[in-house]
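Residue numbers start from 1 in every chain, and the chains themselves are labelled A, B, ... in the order their sequence lines are given, proteins ahead of strands.
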Amino acid sequence: MSILVDRQTRLLVQGITGREGSFHTAQMIEYGTNVVAGVTPGGAGKTVHGVPVFNTVEEAVRETGANTSIIYVPARFAPDAIYEAVDAGIALIVCITENIPTLDMVKVYHYVKQSGSRLIGPNCPGLITPGQAKVGIMPGYIHTPGPVGLVSRSGTLTYEVVHALTQAGLGQSTAVGIGGDPIIGTSFVDVLGMFEADPATRAIVMIGEIGGTDEERAAEYIKAHVSKPVVGFIAGRTAPPGKRMGHAGAIISGGQGTAAEKIAALNAAGVPVAESAQQVAELVREALG
Amino acid sequence: MSILVDRQTRLLVQGITGREGSFHTAQMIEYGTNVVAGVTPGGAGKTVHGVPVFNTVEEAVRETGANTSIIYVPARFAPDAIYEAVDAGIALIVCITENIPTLDMVKVYHYVKQSGSRLIGPNCPGLITPGQAKVGIMPGYIHTPGPVGLVSRSGTLTYEVVHALTQAGLGQSTAVGIGGDPIIGTSFVDVLGMFEADPATRAIVMIGEIGGTDEERAAEYIKAHVSKPVVGFIAGRTAPPGKRMGHAGAIISGGQGTAAEKIAALNAAGVPVAESAQQVAELVREALG
Amino acid sequence: MNIHEYQAAEILKGYGIPINQGIVATTPDEVAAAAGQLGGTVVIKAQVHTGGRGKAGGVKLAHSPEEAREVGSRILGMDIRGHTVHKVLVAPGVNIAREYYLGVVIDRAARGITIMASSAGGVDIEEVARETPEKIHREAAHPFLGFHDYQARRLAFRLGIEPDLVGGFARIARQLFEAFVQSDASLAEINPLVLTADRTWLALDSKITIDDSALVRHPDLEQLRDLQEENATELEARAAGLSFVKLDGTIGCVVNGAGLSMATMDAIKRYGGEPANFLDVGGGASAEQVEKALRLVLADPNVRAVLINIFGGITRCDEVARGLLSAMDAVKPTVPFVIRLVGTNQDEGRRILADAGITVVDTMPEAAERVVAAAGAAA
Amino acid sequence: MNIHEYQAAEILKGYGIPINQGIVATTPDEVAAAAGQLGGTVVIKAQVHTGGRGKAGGVKLAHSPEEAREVGSRILGMDIRGHTVHKVLVAPGVNIAREYYLGVVIDRAARGITIMASSAGGVDIEEVARETPEKIHREAAHPFLGFHDYQARRLAFRLGIEPDLVGGFARIARQLFEAFVQSDASLAEINPLVLTADRTWLALDSKITIDDSALVRHPDLEQLRDLQEENATELEARAAGLSFVKLDGTIGCVVNGAGLSMATMDAIKRYGGEPANFLDVGGGASAEQVEKALRLVLADPNVRAVLINIFGGITRCDEVARGLLSAMDAVKPTVPFVIRLVGTNQDEGRRILADAGITVVDTMPEAAERVVAAAGAAA
């Protein structure tokens with residue numbers, strides 16, 4: 001077991017003929033992901049790494065039964081790509097694209113919410129269920145199957161933690177990068193609920209960063225609904241207010257979103273917050289007994 | 001019994017201080033309708049025919065428990081008035097206002113549909129449950145309680161039919177004017193379903209007119225779902241194509257929406273279509289045996 | 001409200017759609033001058049608010065200014081389905097490779113906006129819809145978010161448009177949708193939208209109908225109204241707040257309420273008469289409205305009898321009767337008329353009219369029967 | 001992106017909001033001339049991208065052109081929280097009856113737009129939020145349909161605004177919302193929005209922040225960028241596609257990934273050091289990006305040591321190592337540096353660096369400890 005992606009995942013790549021889309025399609029196939037289709041308007045009839053390309057998502061779904069989509073199209077076109085995936089009934093949509101304007105995401109978020117689809121991202125590395133399916137841009141080899149569920153707003157920092165877990169002999173059920181933007185389709189709370197319900201997950205690692213109050217909400221949620229052990233990690237203790245730290249969402253504004261507040265909230269919910277990736281692994285090991 | 005409005009109706013009048021709103025408030029009170037509140041922005045503290053006025057619908061609902069609203073505000077402000085009523089949780093919203101632009105109604109229609117509210121109209125005379133509540137601009141005295149449910153796109157033509165029914169000794173359960181616009185909140189099908197489910201209604205009169213295909217859909221619905229006798233009346237047999245016959249919705253365009261098609265569809269569904277109000281009464285009497 | 005082809009083209013141009021820019025002319029000389037200015041072959045098109053211009057001879061080619069003058073003199077002044085041609089559009093001839101249809105309409109059944117496209121362009125789309133409906137492709141706009149880009153592209157793919165031309169087609173489709181929404185249109189279409197021999201897109205003929213209820217917020221579009229195209233009586237009625245439609249019969253109608261007006265016309269027809277008009281004086285039926293209505297109806301020389309059908313609702317019949325009397329007194333109709341008055345205080349109302357020597361009938365069938373007989377006798 | 005008060009006011013004016021029209025001046029003479037032109041009492045306001053101008057002495061009244069020149073000469077060139085004042089706005093004095101706050105913000109928790117208003121205007125709204133939160137009224141805009149008129153009125157009623165002034169307030173609230181949406185802002189506020197002694201509404205001070213991700217579709221707004229206000233290194237970094245934030249410490253950081261960069265800074269701090277910057281070279285860590293990054297970091301004279309922390313993910317560590325070598329070779333850093341390189345092919349990568357005489361550390365804590373020590377030794 002695992003969450004969101006597994007051997008049943010039939011992946012569609014939106015923007016498959018682009019540089020990023022093509023490169024990561026090869027990487028995902030190499031990892032063992034079942035990539036069944038690609039979409040590039042006007043690209044119908046082509047194949048990319050053996051994957052058939054269609055003009056529209058609707059056609060790709062009809063012809064291949066794709067149930068998950070990963071989006072590599074530029075920011076200008078990404079909201080439309082998400083709308084197209086939603087309207088075609090794709091159950092899980094993973095948007096890698098960075099720099100989508102926030103007001104576009106306000107609409108996209110509520111559009112997806114009113115539909116039967118789930119959106120991961122945007123501006124995220126995607127997600128992986130080790131040994132089953134990689135739907136993202138993370139280095140697959142650092143992962144190994146196991147009992148730890150990860151959820152993170154970050155990219156390389158997640159790899160860092162996964163790497164430390166793997167080196168410590170702690171495999172992962174699923175690792176989900178929810179994205180570094182102010183408005184994202186799937187929040188910590190959503191993923192925490194899924195890990196809580198997933199029999200394969202025995203401990204959860206939550207990697208947050210400055211900006212917004214989603215970590216604080218997650219803390220409340222953990223206190224009320226999560227029985228499994230959770231270990232936290234929060235980046236940006238030294239970040240100055242008012243400055244965007246790379247991610248559009250990583251900004252302390254109006255006195256809200258500091259690391260200190262998030263750490264305090266997690267601690268109050270009984271979640272220990274580590275100071276390094278190695279310490280995350282240690283805390284997880286302790287929690288698993 | 002009856003549908004939509006009855007002695008439990010607690011009516012709010014939006015635009016109560018206007019000429020129309022004030023006049024019809026008096027008429028509705030005189031009929032016995034429980035008018036509990038009015039709204040006119042900036043009018044808080046006033047009373048109109050003894051009814052307290054509030055600045056916002058939210059306040060009126062909180063203070064008076066209004067569950068139904070009737071809207072008499074000008075076309076420019078009517079969509080906003082509907083949004084306000086929906087957001088305040090009003091269950092039944094009746095919009096009398098004429099000449100709301102169609103593209104405004106596209107948004108309003110779907111907004112209401114996604115909410116828990118029901119909209120009757122716009123450009124409608126409202127509805128009445130004889131002896132219980134009049135929420136509209138129809139002359140109350142022509143109605144009398146009884147077993148006939150009426151649903152109509154028209155105003156005076158409905159009064160004509162009600163009058164004929166009453167004169168023939170056939171009272172009405174509820175008479176609903178759904179409005180003469182191209183896009184209206186509640187359709188024939190919606191009201192037919194309610195009459196079918198209403199124990200007090202033993203026969204149904206449906207008054208249609210040229211334009212659109214809602215009568216055809218109603219015919220299909222009747223065939224499949226209505227066990228009670230239905231009598232039809234369709235205005236506009238002699239209307240020329242491409243000309244708007246008063247109501248924005250009464251227009252034959254693109255060869256669609258002719259009276260002949262509607263009559264044929266109703267006949268095919270086993271619904272006799274009368275040629276006069278008197279004949280409607282005769283057919284209803286026959287149907288009731 | 002209908003506007004002319006050349007006005008629609010100007011609107012679409014404002015949204016970035018490539019149009020076949022022509023010149024409007026109102027005299028044969030202007031037509032010749034326009035043809036000279038454009039050079040080469042031109043097409044001369046009657047600007048009237050009706051379809052079927054081509055079949056009626058209102059669209060012709062000319063290969064020289066002289067020929068254009070001659071063609072122009074034939075088309076100007078021509079009658080097309082009851083519309084006199086006062087203006088023509090002179091436009092450059094185009095080397096057409098393919099013709100498409102592209103339209104945006106209010107979809108009443110879906111309570112939304114539908115975008116339609118067909119590879120059967122340049123012909124009557126209603127005919128295509130009837131005979132080869134599979135050739136029309138549709139996309140429903142989202143009620144709040146509008147027409148997604150992917151939908152515009154999907155239309156292009158369904159039409160079999162080549163990949164390198166899809167972007168251009170999709171852009172025009174989105175621009176047409178935008179023009180539709182921003183103009184509060186009930187119809188906006190390009191027919192044909194052509195692909196020229198050098199593979200560029202061009203809107204050859206366009207049509208836009210504006211939602212009458214929305215004109216109040218589009219004073220610029222209201223300016224496009226062509227008073228020459230509208231029936232004088234209908235214009236007068238609108239100014240008076242009456243809803244009036246001119247018809248071809250002999251029996252004038254004055255009714256309160258749109259549905260009741262149509263039902264009255266139907267009743268007249270059933271008894272063998274032909275209504276001369278649709279006329280809704282509004283729910284209240286005030287004396288002033290009835291007087292205005294009577295004047296308008298009687299201005300039609302075809303009218304041989306008038307049926308006044310009023311349902312007294314909120315307004316009591318005695319008041320309506322007094323109003324009717326003063327209106328009749330002011331107008332002094334010279335043709336026979338039949339009055340039907342029903343509703344609140346109807347006995348009192350009828351007594352008032354009876355005292356003035358006017359008989360009131362009881363039911364609509366009776367009223368219709370009588371007015372048809374009166375019109376027959378007057379003929 | 002931040003813009004100046006006077007630029008924000010011009011934007012709001014374009015949406016119909018009544019602003020207190022002032023004149024921008026960059027020299028004391030210009031200040032005096034502006035004051036003369038406006039006449040009477042003027043207010044002279046420093047234009048800098050930071051709050052707290054008033055407390056810092058950056059906002060002053062002047063009652064004559066002479067006084068204005070004197071005040072202008074004091075404010076121009078002043079340092080406010082690290083920002084040098086290059087421009088002032090000279091605006092007419094206003095007879096204020098009441099002050100309100102009106103703002104539109106992205107509400108991350110609600111994934112939407114929130115409109116806020118308060119009768120506690122003219123003071124720091126964050127302070128109001130902390131101390132008297134009940135004085136702030138909020139309305140959530142619909143994600144698709146926006147800010148309903150009734151919501152704008154409801155805000156006014158909640159603020160206790162008199163009926164005759166509600167329409168004006170509501171109009172400004174809707175215009176501010178419209179400006180926010182059309183400008184792709186993340187913040188748009190008027191503070192204070194004042195009611196003048198003669199009962200008219202006036203936006204006295206406004207602030208707009210534009211969403212950086214949306215600037216690409218607003219070339220007009222991009223033009224408003226004040227390069228004098230931005231850190232030169234940050235500008236250079238942006239041009240190179242790097243994410244860079246200048247800080248006050250002594251340890252330069254070159255990291256791939258935003259979260260990892262922050263975590264690296266945190267680790268440095270934990271071992272007693274102070275990071276000199278945030279720097280994300282992007283996920284791939286190409287040789288070119290690393291070289292640019294190193295140059296930027298070393299341009300800071302405060303930097304005494306550099307920590308390069310790369311997680312080799314999709315890009316293999318041996319490639320990253322070769323890129324690092326060529327970058328180091330090109331830049332020739334003169335301060336000590338610590339390299340941490342982990343991920344795919346890390347052994348091969350470390351061997352390549354070791355062959356070049358460069359030691360690579362294994363973990364982040366170790367790297368942080370070493371670089372802090374190196375910086376201390378270099379000091």
Side-chain angles (χ1 to χ4, degrees), chain A residues 23-24 27 75-76 98-107 109-111 113 125 137-139 141-142 152-160 163-164 180 182-183 207 209-214 217 233 235-240 243-250 253-255 259 275-278, chain D residues 50 105-106 108-109 111-113 125-126 129-130 141-144 180-181 184-187 211-217 243 245-249 255-270 274-275 278-280 283 310-315 342-344 363-365 368:
Chain A
F23 174 79
H24 286 291
Q27 296 277 322
R76 254 185 81 192
E98 195 178 356
N99 287 323
I100 299 179
T102 307
L103 292 187
D104 288 3
M105 279 310 302
V106 168
K107 290 180 180 166
Y109 175 85
H110 292 276
Y111 193 86
K113 202 178 156 207
I137 59 172
M138 67 288 289
Y141 84 96
I142 59 170
S152 172
R153 281 170 66 189
S154 174
T156 44
L157 180 56
T158 315
Y159 313 160
E160 177 88 27
H163 190 63
I183 295 183
I207 303 168
E209 61 189 30
I210 56 160
T213 55
D214 280 8
R217 292 189 182 200
F233 190 84
R237 296 174 195 235
T238 49
K243 286 285 190 179
R244 168 179 163 165
M245 305 304 274
H247 291 162
S253 60
E275 296 206 328
S276 70
Q278 287 69 26
Chain D
T50 181
V105 296
I106 294 288
R108 289 173 61 157
R111 275 78 166 124
I113 303 170
I125 193 67
E126 288 166 17
R130 259 192 314 275
H142 187 275
F144 305 142
F180 175 94
V181 170
D184 263 305
S186 49
L187 169 79
D211 176 6
D212 291 322
S213 296
L215 276 171
V216 62
R217 62 185 176 199
S243 203
V245 176
K246 172 85 182 77
L247 299 170
D248 296 329
V255 190
N256 69 332
L260 192 59
S261 298
M262 283 188 276
T264 303
M265 288 157 53
D266 294 350
I268 289 168
K269 177 92 173 178
R270 200 157 60 247
E274 286 291 340
F278 164 95
L279 200 163
D280 172 10
I310 304 290
F311 193 97
I314 294 295
T315 313
V342 183
T344 328
T363 68
M364 262 171 67

Which residue out of D:E126, D:R270, D:E274 racks up the most heavy-atom pairs below 4.5 Å with chain A?
D:R270
Give, for atom NZ of D:K269 and atom OG1 of A:T238, the distance between the pair rounded to the nearest 0.5 Å.
7.0 Å
Contact part of A:K107 toward chain D, heavy-atom cut-off under 4.5 Å: side chain, backbone, both or neither?
both
What option among A:P125, A:A277, A:G249 has the most heavy-atom pairs under 4.5 Å with chain D?
A:G249
Could you look at D:L187 and say if it's the side chain, the backbone, both or neither that has a heavy atom under 4.5 Å from chain A?
neither
Considering only heavy atoms, which portion of A:R244 lies under 4.5 Å from any heavy atom of chain D: side chain, backbone, both, or neither?
both
All heavy atoms of D:A263 vs all of A:F233, minimum pair found to be CB-CE2, 4.1 Å
Measuring heavy-atom distances to chain D, does A:Y159 have an atom under 4.5 Å in its side chain, in its backbone, in both, or in neither?
both
When A:S154, A:S253, A:P182 are compared by non-hydrogen pairs under 4.5 Å with chain D, the top option:
A:P182
Do the side chain of D:R108 and the main chain of A:D214 share a donor and acceptor less than 3.5 angstrom apart?
no
Atom of A:A235, atom of D:G259 and distance for their closest heavy-atom approach
CB-O, 3.6 Å
Pick out which of D:V255, D:L260, D:I310, D:V342 makes a side chain to side chain contact (heavy atoms under 4.5 Å, CB included) with A:T156.
D:L260
Sort A:I100 into side chain, backbone, both or neither according to what part of it lies under 4.5 angstrom from a heavy atom of chain D.
backbone
In Å, rounded to the nearest 0.5 Å, how long is the span from NE2 of A:H247 to OG of D:S243?
8.5 Å
If every non-hydrogen atom of A:Y141 is compared with every non-hydrogen atom of D:G312, which pair is closest and at what distance?
OH-O, 4.0 Å
Could you check if a side-chain atom of A:L103 sits within less than 4.5 angstrom of a side-chain atom of D:I106, using non-hydrogen atoms only?
yes
Pairing residues for D:K246 by the side chain to side chain contact (heavy atoms under 4.5 Å, CB included) criterion, not counting sequence neighbours
D:N231, D:E234, D:F244, D:D300, D:N302
As an exercise: rank D:P275, D:G112, D:G343 by heavy-atom pairs under 4.5 Å with chain A and give me the winner.
D:G343
With a 4.5 angstrom heavy-atom cut-off, is it the side chain or the backbone of A:M105 that approaches chain D, or both, or neither?
neither
Restricting to side chain to side chain contact (heavy atoms under 4.5 Å, CB included), what partner residues turn up for D:P143, sequence neighbours left out?
A:V106, A:H110
With a 4.5 angstrom heavy-atom cut-off, is it the side chain or the backbone of D:A109 that approaches chain A, or both, or neither?
both
So which part of A:E160 gets closer than 4.5 Å to some heavy atom of chain D, the side chain, the backbone, both or neither?
both
D:R217 side chain near A:D104 side chain, heavy-atom distance below 4.5 Å:
yes
Expected output: side-chain D:D211 to main-chain A:P101 donor-acceptor under 3.5 Å:
no
A:Y111, part contacting chain D, at a heavy-atom distance under 4.5 Å
both
Identify which part of A:T102 has an atom lying under 4.5 Å from any heavy atom of chain D, answering side chain, backbone, both or neither.
both
Does any part of the side chain of A:M245, heavy atoms only, come nearer than 4.5 Å to the side chain of D:M265, both counted from C-beta?
yes
Counting only heavy atoms closer than 4.5 Å, note whether A:Q27 contacts chain D via side chain, backbone, both or neither.
side chain
